[in-house]
Amino acid sequence: MAARGGKKIVIVKKKVAGGGGHHGGSWKVAYADFVTAMMAFFMVMWILGMDDKTKQAIEGYFANPVGYKKGFGSGNNPLSTGSVPSPIQKTPMRMMVRNTEQKTFEKLRQTIVDKLAASDSLQKLNAVVDVQVTREGLRIELVESGRGDVYFPNGSSRMNAATMLTLQLVGAELSQITQSVVLEGHTDGAKFGADAAYTNWELSADRANAARRVLQSTGVAPERVVEVRGYADTKPRVPDDPLSPSNRRISILLPFTNTPDAPPSAQDMAAQKSDSMISEISTPIKRNY
């Protein structure tokens, strides 16, 4: 550049650095990293000081959080002492249904026993009724005693007064629940004549069917009766004495619901309660013309 008045002009440029001094923010990043490292260090030391059982629980939680639930015994932190994650206990549906029905049957059993014991008429008739909750369900048995003609005359399906009264008392209680009902007839080992067309099979089935009609008249819905069985003398109550009057009896069974552990749908659950006899019927034989 040309100079004025014979003097050379010199231009000086200075570069000013911005954000320096105590106004800079880089130290904050470093401090945050330091605090984070210290927190991680103290957490590691804290975990190392725990017992082995607690360590395994914490390891299991971080390995599979979905399979664990948080217990908040001493705070909101699932890792805090006293709130060790515990595995979720998944109760199978079969157990849930069984426990509910078990309680229902136990309560119903006691109610029926009390009602029968309060009946002076049954006491005078020497009627024996055995009410038990078995592995099959609630079983109510009208058991013959004495000469064996308290409930039915020998060789007949005609009901006596004790049978009608007992079934009416029992039916009034059964009408208040929704469980399925199975009726069974049993006889003793006494046989009909060799050429008789009517046998203990027909007799046991007719007695069970007669009991069904009385129960339905007391309010038990017809669709709840899923089976009427006649066993003749094949399932004696007193195996050592086939002719014992106690082998002659009517059984009312409320079976436990056969529920799968994990039914895929409500329709499948309903199918489990369907009539077992119908489900076992094979394809009808087709007639060839």
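FYI, side chains are in, hydrogens and waters are out, and symmetry mates aren't considered; it's all heavy atoms of this structure.
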Could you check if a side-chain atom of [X] sits within less than 4.5 angstrom of a side-chain atom of [Y], using non-hydrogen atoms only?
X    : Y    : value
R207 : R248 : yes
Y198 : D206 : yes
D241 : L243 : yes
L203 : F152 : no
N160 : V150 : no
P255 : V182 : yes

Closest approach of [X] to [Y] (non-hydrogen atoms, all atoms of both residues):
X    : Y    : result
A208 : G185 : CB-N, 3.6 Å
R224 : V220 : NH1-CG1, 4.1 Å
M159 : M164 : SD-SD, 3.6 Å
R158 : P153 : O-CD, 3.0 Å
G148 : P245 : CA-CB, 3.9 Å

Between atom [atom1] of [X] and atom [atom2] of [Y], what is the distance when rounded to the nearest 0.5 Å?
X    : Y    : atom1 : atom2 : value
E202 : T187 : CD    : OG1   : 10.5 Å
R229 : E184 : CZ    : CD    : 5.0 Å
D233 : W201 : CG    : CH2   : 7.5 Å
M95  : T100 : CE    : OG1   : 10.5 Å
E106 : Q110 : CD    : CD    : 9.0 Å
L215 : I252 : CG    : CD1   : 4.5 Å

Let's go through Y151 and L125 carefully: what are the C-alpha distance in whole Å and the side-chain angles of both, what is the deciding distance for side-chain contact (heavy atoms from CB on, under 4.5 Å) to 0.1 Å, and is it a yes or a no? CA-CA 9 Å; Y151 292 111; L125 294 171; over 6 Å; no

Qualifying residues under side chain to side chain contact (heavy atoms under 4.5 Å, CB included), relative to V128, sequence neighbours excluded: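 Result, side chain to side chain contact (heavy atoms under 4.5 Å, CB included) vs V128: V143, S145.
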
Test side chain to side chain contact (heavy atoms under 4.5 Å, CB included) applied to S119 - qualifying residues, sequence neighbours left out: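 S121, L122, L165, L169.
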
What I want to check is whether the side chains of [X] and [Y] have a donor and an acceptor closer together than 3.5 Å.
X    : Y    : answer
E101 : T104 : no
N154 : R147 : no
R98  : Q102 : no

Should [X] and [Y] be counted in the same cluster of Ile, Leu, Val, Met, Phe, Trp and Tyr side chains packed under 4.5 Å apart?
X    : Y    : answer
M38  : M45  : yes
V214 : V228 : yes
Y231 : L142 : no
I250 : I140 : yes
F41  : F34  : yes

I'd like to know if E141 pairs up with R237 as an ion pair, taking the criterion as any Lys NZ or Arg NE/NH1/NH2 lying under 4.0 Å from an Asp or Glu carboxylate oxygen.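 Salt bridge: yes.
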
By salt bridge (Lys or Arg N to Asp or Glu O under 4.0 Å), which residues pair with R135, not counting sequence neighbours?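 Once residues adjacent in sequence are excluded, R135 has no partner under the salt bridge (Lys or Arg N to Asp or Glu O under 4.0 Å) criterion.
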
Between the main-chain N or O of [Y] and the side-chain N or O of [X], is there a donor-acceptor pair closer than 3.5 Å?
X    : Y    : result
R249 : E144 : no
R109 : V131 : yes
D188 : N247 : no

If the plane angle is over 60° it's perpendicular, under 30° parallel, otherwise tilted; pick one for F105 and F256.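 Ring orientation, 0 to 90° scale: tilted.
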
